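Working notes for the structure below.
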Amino acid sequence: MATALCFSCSSKPSTVTDKDFLPGRRKAGKIIENLDVRINVRSPISTGDSPNMTRGMKWSLEQRRRLLSFVDSGCFENALHVFEEMTRPSTFIWNVLIRGLTDNGFYQEAIDLYYRMEWEGVGSDKYTFPFVIKACVGLFSLVDGQRIHSRVIKMGFDKDLYVCNSLVIMYSKLGCIEQSEKIFADMLVKDAVSWNSMISGYVASGDCLSSLTCFRDMQAARISCDRFSVISILGACSLYGCLLKGKEVHCQVIRRQLDSDPMIETSLIDMYGKCGLVQYSDRLFKRVAQRSVAVWNAIIGAYGLNDEPVRSFSCFERMLESDNLDPNAVTLINLLPSCARMRALVQGKSMHGFAIRKGMFPHVVLETALLDMYGKCGCLNLADSMFVQMKETNLISWNARIAAYVQSGNEKGALHVFQDMCSEHLHPDEITFVNILPAYAEIALPKEGQQIHANIIKLGFGSSIFICNALIYMHAKCGDIQAAQLVFNCIVYKDVISWNTIILAYGIHGFGEISVRLFSDMMAEGIKPNGSTFVSLLASCRICGMVDEGQNYFSSMKTEYNIDPGIEHYGCMVDLLGRSGNIDLAKHFIDEMPLVPTARIWGSLLSASRYHRNIELAELVADRILSLEHDNTGCYVLLSNMYAELRRWADVERIRCSMQRQGLRRTTACSLIEYNGKALQITNNDCSHAEASMIYDALDIISRKIGDDLHVCGVLKFKPPDLIRRRAHSTMYHSARLAICAGLLSTPVGTPVLVRKNVRICEDCHNAAKIISEMTDREIVVGDPKFYHRFSNGKCTCKDYW
DNA sequence: ATAGGGTTAG
């Protein structure tokens with residue numbers, strides 16, 4: 001039964017708030033580690049009464065004075081010595097000790113002392129409970145909280161305003177907002193603190209609507225709001241992005257002359273930042289007289305949130321220069337997204353180093369922010385090692401880790417992490433799915449896409465607009481355009497992203513006319529297009545060869561919609577012009593464009609020159625690309641293929657060596673097909689499957705039937721004498737053809753065969769697919785990283801340009 | 001001797 005009370009005589013920490021104890025109560029832990037004295041909670045009270053009553057009374061007054069001063073200075077070791085010497089200390093003395101312990105983070109000790117008080121039969125009063133309840137909050141102990149709540153009821157203190165306020169706060173902080181509501185509703189008298197506690201409780205539980213309602217009810221009850229209500233309600237406005245309500249509160253702030261309150265200033269700056277009005281934040285910030293770390297953090301965060309990373313950084317620099325203030329963890333957390341935005345890995349790393357030097361770790365939020373930054377800067381290994389180092393992880397850090405994998409193109413890794421997360425008994429949330437769906441989009445087959453969709457519905461996330469938009473894209477990329485359309489149809493309030501996504505979805509599948517029609521539907525619905533709308537639209541025109549439409553949309557961007565074309569739009573146009581056959585026009589277009597052409601832009605021209613077999617231009621363009629990106633594997637491969645087609649084997653070899661020197665390897669081509677209900681992955685000349693012999697037999701039969709056509713364009717191409725040892729000398733057993741055969745074997749007649757590829761389909765396979773579609777009278781759909789070829793009756797929707 | 005607050009990751 002005996003519980004030990006352990007203290008050291010530490011001085012009271014200067015600016016420690018309850019919040020500092022929240023993440024794992026680190027500070028309390030540190031203090032308690034330095035134990036000097038252990039005092040038994042149940043130790044008998046000294047009964048050595050003084051014979052002289054007058055002297056005794058004086059002595060007891062002196063004891064009381066000393067105890068109070070020890071508690072005030074945080075010397076609990078001494079305070080407890082005095083306490084144990086006292087003859088029957090009064091309830092007041094017990095309260096003072098419990099308060100002191102709670103205020104200094106010794107929550108367990110405060111609660112133990114309360115239990116000892118009960119055990120010794122010392123009556124507690126209305127002052128005892130607020131302190132001990134606060135200790136339960138500090139300890140995150142719902143069990144103690146409920147036990148003490150029942151004592152409150154038994155002793156009849158459940159009508160006391162202060163005790164009830166404490167209980168309201170306790171339950172809301174321990175995540176039982178319904179309990180808070182119940183106590184609040186039963187209170188006969190409510191003061192501003194009661195209302196404020198309820199409002200901030202709602203905000204903390206993410207129920208902004210209730211907090212706004214409560215704020216309104218408070219004013220209806222003629223309790224005037226104070227700085228605490230204002231600060232809480234501004235937090236609610238920030239979370240919800242309620243700019244109008246936020247402005248209204250700002251007016252009240254001015255009317256009540258609260259506008260020079262430093263915390264309110266900070267909250268207002270934050271609110272405007274989160275509601276997207278960073279210029280308001282800036283105006284308020286300029287007027288702040290005394291700039292605290294918090295106010296700097298708020299303005300740094302506001303710029304970061306509003307996509308102004310450079311300004312965010314310059315605020316940080318000014319903070320360091322002007323006020324001689326020490327950045328804290330929150331400063332870094334607010335600044336790191338800006339590092340990510342600018343891909344400023346060096347700055348990000350220096351933040352990391354700074355945090356280490358300042359002893360900020362472990363800190364789950366900061367660590368997650370670093371993980372996220374590394375992920376967005378494309379450093380998956382750094383992101384992952386950050387995660388591995390973390391002592392504490394949560395759903396958010398797992399989500400950030402998944403995002404890092406997806407970001408760096410490691411989709412399979414992302415799916416593994418997702419599985420690991422689920423086996424740690426963490427329940428995926430909306431963000432998890434928003435992060436993981438793009439991974440499915442890249443590598444899943446329609447059936448797998450349907451499965452994850454079913455899971456999402458089962459977990460109740462099926463109506464989230466973010467998830468629906470991600471689902472449209474995922475289904476389309478997996479090859480299931482009908483499923484994409486179905487999701488789109490079910491969205492009640494379609495946003496601009498829903499429209500952009502469905503437009504691109506049809507483009508990917510070669511239905512450019514539908515994309516164009518959807519765009520006019522979108523206009524008719526009064527949805528304002530943005531830059532991405534035109535990326536979808538132009539990409540669709542490009543895929544489907546709608547040159548004139550594309551040019552019209554491009555020129556209408558600025559004139560009709562006042563949108564400046566970005567580099568992606570120019571990229572689509574180069575593709576489009578290249579496709580139209582006018583390579584010179586495409587080149588001229590690049591020379592004339594107002595933006596600096598990227599490797600991707602030149603890549604479009606390279607594709608065009610390949611299609612039109614213009615090797616001189618291709619060499620020129622490849623030079624440009626390689627001067628921008630030395631490791632552009634696609635560029636080497638394309639050029640090498642062009643040389644091979646011209647039988648310039650020496651050049652082929654030269655490029656092969658160059659790639660080898662740089663450690664570049666061609667991506668291993670592989671195709672995915674659903675085979676007897678399972679996903680089957682096939683590489684070129686792949687014999688590793690149990691089903692291989694059957695698939696090869698089928699392909700041989702088909703090849704023999706269509707033999708001549710296939711032979712002419714195929715076998716000879718990669719068969720120079722000096723490359724004869726290479727396995728891929730023939731395109732005959734390319735993964736695409738093997739996969740198509742597997743599909744034909746395992747699906748009923750009349751249904752389309754769907755194959756996904758990780759690289760673009762080669763000309764020979766494209767030809768073969770056309771012929772196979774005609775011969776077998778089946779629709780064959782082959783998706784590459786950019787779009788889906790639809791073969792039927794010997795034709796492909798790409799009209800042989802890809 | 002009594003309770004309430006701001007800046008924090010996807």
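Proteins come first, then strands; the chains are lettered A, B, ... in the order of their sequence lines, and each starts at number 1. Keep in mind it's a predicted model, so treat the numbers as computed, not measured.
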How many Å lie between CG on A/L335 and P on B/dT7, as a whole number?
-> 18 Å
Pair A/F466 and A/F433, ring centroids less than 6.0 Å apart | no
Any idea which of B/dA3, B/dA1, B/dG10 is nearest the A/K376 side chain?
-> B/dG10
Of all the choices, B/dG4, B/dA1, B/dG6, which nucleotide is nearest to the side chain of A/D125 once you look at every atom?
-> B/dA1
Using whole Å, report how far OH of A/Y202 lies from C1' of B/dG4.
-> 16 Å
Could you check whether A/S229 gets within reach of a base, just the sugar-phosphate, or nothing at all, counting any heavy atom under 4.0 Å?
-> nothing
Nearest-nucleotide pick for A/N165, side chain only, options being B/dG10, B/dG6, B/dA3 | B/dA3
Using whole Å, report how far NZ of A/K126 lies from P of B/dA1.
-> 14 Å
Short side-chain donor-acceptor distance under 3.5 Å, A/Q146 and A/Q179 = no
Do A/S194 and A/D191 meet the criterion of a side-chain donor-acceptor pair at a distance under 3.5 Å?
-> yes
Nearest to side-chain heavy atoms of A/N196, which nucleotide of B/dT8, B/dA3, B/dG4 = B/dG4
Look at the side chain of A/D384 and the backbone N and O of A/F387, then say whether any donor-acceptor pair between them is shorter than 3.5 Å.
-> no
Side-chain contact check for A/S292: nearest option of B/dA9, B/dG6, B/dA1 is B/dG6
Could you check how far CE of A/M198 sits from C1' of B/dA3, rounded to whole Å?
-> 15 Å
Integer-rounded Å distance: B/dG10 C1' and A/I436 CD1 | 13 Å
Starting at CG of A/D372 and ending at P of B/dT8, how long is that distance when rounded to a whole Å?
-> 15 Å
Is the A/W296-A/F316 ring centre distance short of 6.0 angstrom?
-> no
Looking across every strand, which nucleic acid part, if any, lies under 4.0 Å from A/V96 by heavy atom: base, sugar-phosphate, or nothing?
-> nothing
Reckon A/D160 touches a base, only the sugar-phosphate, or nothing at all at heavy-atom distances under 4.0 Å?
-> nothing
For A/L370 and B/dG10, what is the distance between atoms CG and P respectively, to the nearest whole Å?
-> 12 Å
Side-chain atoms of A/N435 come closest, of B/dG10, B/dT8, B/dG6, to B/dG10
Look at all strands and tell whether A/S232 reaches a base, only sugar-phosphate, or nothing, counting heavy atoms closer than 4.0 Å.
-> nothing
From the list B/dA9, B/dG4, B/dA1, which nucleotide is the closest neighbour of the side chain of A/A369?
-> B/dA9
How close or far is atom C1' of B/dG4 from atom NZ of A/K173, stated in whole angstroms?
-> 8 Å
Base, sugar-phosphate, or nothing: which does A/I396 touch, judged by heavy atoms less than 4.0 Å apart?
-> base
Have a look at A/F131 and say if it touches a base, only the backbone sugar-phosphate, or nothing, with a 4.0 Å heavy-atom cut-off.
-> sugar-phosphate
Under 4.0 Å between any heavy atoms, over every strand shown, what does A/N394 touch: base, sugar-phosphate, or nothing? Just pick one.
-> base
So does A/K274 get a side-chain nitrogen or oxygen closer than 4.0 Å to the phosphate oxygens (OP1/OP2) of B/dT8?
-> yes
Across the strands shown, which category fits A/N399 at heavy-atom distances under 4.0 angstrom: base, sugar-phosphate, nothing?
-> base
Any donor-acceptor pair under 3.5 Å linking the side chain of A/S238 with the backbone of A/L234?
-> yes
From B/dA9, B/dA1, B/dG4, nucleotide with atom closest to A/V193 side chain | B/dG4
Ignoring hydrogens and geometry, is there a side-chain-to-backbone donor-acceptor pair from A/D125 to A/Y127 under 3.5 Å?
-> yes
Tell me whether A/Y162 is stacked on the nucleobase of B/dT2, counting only the six-membered base ring and applying the 5.5 Å and 30° thresholds.
-> yes
Per atom distances to the A/A192 side chain, the nearest of B/dA1, B/dG4, B/dA9 is B/dG4
Is there a donor N/O on one and an acceptor N/O on the other, under 3.5 Å, for the side chain of A/S197 and the base of B/dG4?
-> no
